[in-house]
Student: 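For reference, the structure I am asking about is given below.
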Amino acid sequence: MIVCAAVVGPSYNPLHLQTFALDDDPLKYHYIVHCALDVIDERLSPPSPRSRGAGGNDPCLGYLYSTEDFKVYGYVSNTHVKFLLVLDDPETKDVRELFHRFHSAYIDAVSNPFQLPGHSITSRSFEARLRALASS
Amino acid sequence: MEKINAELFTLTYGSTVRQLLIDNEENVDAVNVQLDKMGYNIGIRLVDEFLAKSSGARCRDFKEAAEMIAKHGLKMFLGVTASVSNWNADNTECSLIMDDNPMVDFVELPEQYSNLSYCNMLCGVFRGALEMVNMRVECWYVRDLLRGDDVFEMRLKLLEVTAESYNDED
Amino acid sequence: MAPRREVAESCLEFLYIELVQSYERKDAECAEKGDGRASRAALESIGFQVGQQLAERYTIDRARFADHLEVIKFICKEFWSEIFRKQVDHLKTNRHRALFVLQDDRFRWLRHLSLPAEQTSNTEAVAKYLVFPCGLIKGALSSFGVNCEVTAEISEDARKPTQCSFEVRIK
Amino acid sequence: MRPPELKNWLRGIYTPVVQVIPTTDAEAICLKNGLTFAETLRPFCNLRNLNVPIRTAGEHAYRLQDFKIRILNAKNIEQHAVEVAEEQLTQIVSQAAEVATDEGWSKEKQIGELLNMRRDPTPWFTKYQSEFLNALTFSDHEAFDHPVACLLVVPSTDPDPVKTFLDLYSTHNVPTLIREGIADPQLLKHYVLLHDMQSDVTLERAEQVFIEMKSTLGAGSCQLVAINSRKEPEGDSEHVRPDLWGDLCDPAWQRAAHLSHLGIDSPEELRMGKNGAQLTEDDLVTLDSLVKDFTIKVMLPYMENRVVSLNQQVTDTRKGLKNQLKSFWGYRKEKPKSGPEGQDALAGGGHYAYNSPESQLRILADLAFLLRDYELALSHYRLLAADYKADKAWKRFAGVQEAMGLTLFMTDGARREMEICFDSAFQSYSRCASPNGVGQSPVDMGMARYSTRSMLFLSSIFRSHGMFRDATLPLMRASYQESPLRAALLLEQSAYCYLHSQPQLLRKFGFHMVLAGQRYNSCHQRWHAIRAYTTVLGVYCSKGWAYIEEHLHFALGRQVSFIGDLAGSVQYLVKLLGACSHQPAALQATYLREFLYVMQCLSEQGRPGGDMDPAAAAAAAAAGAAAVAAALPAEDLPLPEVNLERIHVHFHDHRSYASPSAVQVGEEVWSQVEAPVVPVAQAGPTWMDGNKATKEVTNTCVAGEEIGVDVELCNRLQVQIEVSQVRLLCAHEGRAEGEPISDYVEVQEEAISLKPGESSLLRLRLRPLREGVLRIQAVQWVLCSVAPGCKRFRQDPPEGARPGDRATPPHKRLVFTVVPPLPRVEAKLEGLPSVMFEGEIHRCILELSNVARPALQNIKLSTTSPGLLCGHCPQELKGAPPGCLEVGAQEEVPPESCGSLERAVVRDPYTGEIVPAAPTSVPFDSVFVFPPGTVLEGEAQLRWPVWIRSGAAGLLALNLVVYYEPQGACPGPIKYRVLRMGAQIQVNPSVRAEAQLSPCRGDLQRHLLNVHLQSLHPSQQFRVRQLSCLRSTRQELWQLAPLSSPDTLELAPGEQKPTPPGGACGVPLTPSSQSRLLFHLTKGREGAAAGASGAASSLHLEPAGSGRGGAEDADEEAAAAMVDMDHWAVVQFLRRAKAQHLADQAAKQRSNSLTRRPSIQAAGPSQEERADREQVELVLVWEVGADGSAGVASPGGERALSVAGPARMGVHFMHSNSLNAEAPLRCVLEGPSPHRCAAACWEARAPTLRLRARGL
């Protein structure tokens, strides 16, 4: 299942980080997510020849890396916002659908006029939707 | 009547409100007033289009006007309908109850703006529009989704019917 | 995402016209510092925020742009048709791709503009109504990581009252 | 290490083992040099440029250029217990810490530094690694370390060397490996006859023995070695030989084991002299040649043969189809010793005897490996792997895989295959380490070490190829199952791999470094933990990752304090306090506690426990304070937050305020009130009186007068905090060096405790004592009585403001020009009611007290509230209203002791021109000038009457200003001062009166006045006491006569209606009741009427239907009880009432709009005249019922009052119009309309007039 979902801004600053495992220290996920940014960087730059053209530049980066007991998946929107999911099931799975919903939730969250761009997202409905995502 | 995706409108309105807050140094009351004022101006212009499009169904009295707004006006422009209720004894006051409104999609009101009547422009619109059909009204929110109520309730109060001559005291 | 619902286009038009005019009035009120720069900035920043939000919204699941040109193309096609119901008519660019000119022969938002009689110069009056779209474009571009200045021009050609072009100057 | 180097390194590790078995005496000889025999030989074990040909299985010979052997004592040819080994390893890490601490490693590294860090950041790891590998040697599952040869050492002194030689090699002397039948006991034996040159036996003797030896033991395998040739005593020149042995010696405990085995229990020899003290160069040469010859001539050939023969044997038994079939049918299963399952497997299949085909194979392969015939080795490993796999002998299988991996590397074989080998090695090792699958059961550390080893090999191979990315994975895998310390080391290594990989993976570097830090932490390697954390601060900090920053800072704060660097610790902890608002309260509390604790320790540093003499204590305290300051500059303490925006300065320049509420009233209001009194010439000091030199904007304040600064302290935490010794820090420019600031400024300290999330405004006070320029610079405080904090105020004017600009308003300015002492008045209104009835007249006492020394003069009082009237003279203080208002109460006073009223003339403060009165102000004499001579000495008081008449129901706001000037010349810029007083009074409704005036039938001189009274108050009872008719400006005086019954019509005009003795005074008006009074109004004959005074004819009222009594005494009583219409206060109020009324009317006439707010303005004289002509002015006097209940029978006014406590009375002012006989009119006197703003229109109740002509 999804144990953590995170949004990281274009300038690699955390916009939102939410954990779903009970009584779990968010700290470790901050580390894991921060770490994943390295992999994302690698995937993004520079657009290697193969990544161009068909299938290249797919916003969904999929599996990024795994730690002792988690797997981290990534997705990068056209606006250079990074979405990360930390899953705790051993086998790699297709997360495209999850990320689609994740991104949609984010889009609505930043459509709130009072949500300043670049600031961390504190929105009840956003959190609720991520919880739903995690429990699905 | 041409339709567009609500988002563009919704976002533009939201961004407007935010900008007004900045312009008025976060003074919520001032913003409420300004929203109402802008709404009023819009209402004045908008009523013609409404009457034109709504097959010129004139409304004879306040009661009808309220119904007209609730059933047709809102539907035509915002694609939602409201129910009219809570009439007072002499039919000069009523509530429009909307359980939804495209203007507030995505919106979450931060604490510091808890006094902001986000959709106040709508009040202004009604005021302006009705004035064009000779009804001076007051309009304000009694319940507001954004402030934790379950629906929007706008109170419409008829002040005077300007068409008819009226005798002022002395 | 909320169900993709619809509103009357005139809602937007009324709001948009009132926005411009209310800022006009504001300038008129405080005439002494009434160079209108402040209100133009305000209008632009309204557009800017909307542009940013739409950029995110309209590109969900879309392959990432490889370069500026792709971004600009997106603006001319998808973005434009989402907002203005049609694509940009002409796209010009200079060699270094630092300057793009997006020309729209029938700019939708100028359709219903009935200009006050006392307006001496048509263009200058219309110009006010193009600040918001400029902000819109600028906002979208910036959230794609393209920092730029956007300015608008109206054709002097009286026969094409709604023709205007947006100039995107990439920093 | 590049691959070649790595290969060398590996060759250095995998070398054949030569066992040494010395006799006790032999060992004793060597010990003279502080070395065992084995040790003595070590320096010579590394053989170079040999160029020996080797021919193993292959057709072609190859040449070895260099070779290395391991010479060990039998006792040390066995694996050390895990605990022991681990202990050794831990030592290495800890020592590294000690060494490196003073190199200032634990510095925060910027990313840049990290990237181009040249030197190896973890030098100790290399040593650790080789020690680690060392600890894993002599395992039972591989044959690398099985002894190949054996040196038997016997001294030349031995009686029968040959026999000794033969006995020497006994089970007692062989290593466990051999004893347990794991290693092959058939060793190459080499016999060394050791001759001690210092012994009494001669070398010749020794040589003879040697010859015998050779004859029996074979020439090839014998050697004579003479050592200790040094004759001369130690300590001469050539002893300066570098110590060849140094770290080649066995660790002490191994030596001990070995020696005790020989029965040499107390090895004090080891401590004597330096290594090799007795050895001359020649000795060294012989030793060297001993090793060389042995290796080249004896051992290598032996090994060759061994390989060849083993190989032959294997091919015979293995390569035959039969055997393949055998193995295919798995016949081994039937072999008792082999195919070990379950536990055996875990033990690593220890049950393969050395002579089992598998072991033989392994030995063969390993020998090949040692001889660097890797091809051969590899082929056999391959075979072997299959067998062990079939047997599920996992440990051995793993071992083979590992060996294969190495071989593949040595031969630059396929990288992928090599990876797979190490991989499966790792897995099978782990499998043994934790039987129920990795991770689930407590890991068998001893076994886990092997899997780690395999991974170490793999990763260093990757690294050698510069594949840093790939190098990390094995390290990580190993770390998961390792002990904290080793895990930490591995993680740290992998971190650096990330750092060096292309592209750099900084974040991963950081992450793994932190993980390493945590591991170090958990095994108390503090210094390493700190190093790990600090290294990565640069990677994480100030990038928005609050949680991470916080975690690092806290961890560092803790660890650094543990290693005793309190100052350093504070640096980190303080960062937490600033940025942990997103954390739960409990955690914040922890942070705060930690911080305070460290600060505490810091401040107590160097303070000896127990009690000491005050001087020392003070010194210690000072030292502590210094330490604290050094560690944490007060400016850096983020708690509590000081909001510089909310600063508000309170001080008195020429203005001062009587109450806080007065401060709230806007400056513009005050300036309006002051305008009439403030001299035109100098409208008070301005910024220009400030610091002339710098043209700086300063406030002006007076020496000895208090300055207050409101500072907002805000507690962002969810924890309550105590803030004490909050004080303002200031500088006085007059102060000379050395003078204590306390001589110039007196500063008060405050203390406050802030609840979670609370922010509160604190008024900090100081008092300048001398003239000069005073700067308030900062606010200081102490947090929880430990941590000093300080916040500097902004001194410079805000952006864009030029010096001398008014940009900073006075209440924000923190620079003061202190001027010499001045008088200062404080004032209060004594007996000012909080609630009044509309129209009520009240007197209270204005008490002015000069709180300063200097005297003051020229007191004026100005107000814009018509409801407020300054008394005429002090005498008015006598008695109390209404008594003092009544006829005769007013006494004659000499004019000089009376003040006078002036019409307010508002002047422009700068030009001095008269400004038209503000539209809201009512024209009345608003300025009261105190009697000319009035002087208020220092600390003296002055009491003066003040009259107040409440206006319409609602709030009555009184604003007044007391103006005064210091007596005599005053140097400073301040020439005068004003005291601003404000008060608010709640006004409740009282009585409403309407009067109708109609012509009397028959008598045109007479009119019928019908007064309709209504009590507007729900509960209060009123008594209407008196009705007066004022003399019109045309001096007409109307006579009032009561008309309570028809017959009164007959009464002669002016005849007074007698009041019954003891009858109630006034007509009672019960709450919200109405009543009607009838009067005759007659054009009067002068003076005839009783109760007629100069200004008015008055009539004392009494309840209707009261019987008549004696007329005469009634007169005086009535007269006595009459309110004097000539009284100063009454006259003034009536005048104001009238003015207001006229203004109202004028306003009304102007705007016939229905707007409720009249815009009143001064009524022109013409209007006034007209009004006079038309109007008859009536005054109704009522009195508040003593106790609200009707029908209190009280005799006349005075007594009633004396009985019923402080009586309260009010005056209503009504207009009527004069009537000319020709056109009889009916007048309706209405009450006023409600809604009037209290300030201006309080007279609104004065009835207004409407005419309706009625034709006769």
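Owing to the predicted nature of the structure, the values given are computational and were not obtained by experimental measurement. Protein chains get the first letters and strands the later ones, always in sequence-line order, with residue 1 at the start of each.
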Student: Just verifying a value: how many Å separate B:I42 CD1 and C:E13 CD, rounded to the nearest 0.5 Å?
Tutor: 12.0 Å
Student: In terms of heavy-atom pairs under 4.5 Å with chain C, which of B:T12, B:T10, B:L78, B:I22 leads?
Tutor: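 Maximum pair count with chain C is reached by B:T12.
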Student: Quick check: do C:F14 and B:V125 have side-chain heavy atoms less than 4.5 Å from each other?
Tutor: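 They are not in side-chain contact.
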Student: In terms of heavy-atom proximity below 4.5 Å to chain C, should B:M76 be classed as side chain, backbone, both, or neither?
Tutor: backbone
Student: Heavy-atom distance under 4.5 Å to chain B: side chain of C:F48, backbone, both or neither?
Tutor: neither
Student: Working to the nearest 0.5 Å, report the span between CD of C:E9 and CZ of B:F9.
Tutor: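 Result: 12.5 Å between the selected atoms.
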Student: Where do C:C11 and B:F77 come nearest, in terms of heavy atoms and distance?
Tutor: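 In this case the closest contact between C:C11 and B:F77 is SG-O, 3.2 Å.
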Student: Non-hydrogen atoms of chain B under 4.5 Å away: do they reach the side chain of C:S22, the backbone, both or neither?
Tutor: side chain
Student: What is the distance from atom CD1 of C:I17 to atom CZ of B:R45, rounded to the nearest 0.5 Å?
Tutor: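 Answer rounded to 0.5 Å: 6.5 Å.
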Student: If the threshold is 4.0 Å, N to carboxylate O, is there a salt bridge linking C:E18 and B:K37?
Tutor: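 Judged by the 4.0 Å cut-off on N to carboxylate O distance, C:E18 and B:K37 do not form a salt bridge.
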Student: Would you say B:E2 and C:R85 make side-chain contact, with heavy atoms under 4.5 Å?
Tutor: yes
Student: Give, for atom CZ of C:R57 and atom CG of B:L8, the distance between the pair rounded to the nearest 0.5 Å.
Tutor: 11.0 Å
Student: Pick one of side chain, backbone, both or neither for B:V80, based on which atoms fall under 4.5 Å of a heavy atom in chain C.
Tutor: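 The side chain, not the backbone.
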Student: Side chains of B:D23 and C:K26: does their closest heavy-atom pair fall under 4.5 Å?
Tutor: yes
Student: Taking the side chain as every heavy atom from C-beta outward, state whether B:D100 and C:R5 have any atom pair closer than 4.5 Å.
Tutor: yes
Student: In terms of heavy-atom pairs under 4.5 Å, which option from C:V50, C:L12, C:I46 contacts chain B the most?
Tutor: C:I46
Student: Could you tell me whether B:E108 atom CD has more than 12 heavy atoms of other residues or ligands within 6.0 Å of it?
Tutor: yes
Student: Go through it in stages, so that I can follow the logic: the residues are B:N5 and C:E82, the test is side chain to side chain contact (heavy atoms under 4.5 Å, CB included), and I'd like the CA-CA distance, side-chain angles, deciding distance and then a yes or no.
Tutor: CA-CA 8 Å; B:N5 292 327; C:E82 283 278 6; 3.5 Å; yes
Student: Given a strict heavy-atom distance threshold of 4.5 Å, which part of B:E49 is in contact with chain C: side chain, backbone, both, or neither?
Tutor: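 Side chain only.
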Student: Is the shortest side-chain heavy-atom distance between C:L19 and B:M38 below 4.5 Å?
Tutor: yes
Student: Above 12 or not: heavy atoms from other molecules or residues under 6.0 Å from NZ of B:K3?
Tutor: yes
Student: Look up atom CG in C:L15 and atom OG1 in B:T16, then write down how far apart they are to the nearest 0.5 Å.
Tutor: 5.0 Å
Student: At their closest point, which heavy atom of C:S45 faces which heavy atom of B:S15, and how far apart are they?
Tutor: O-OG, 4.2 Å
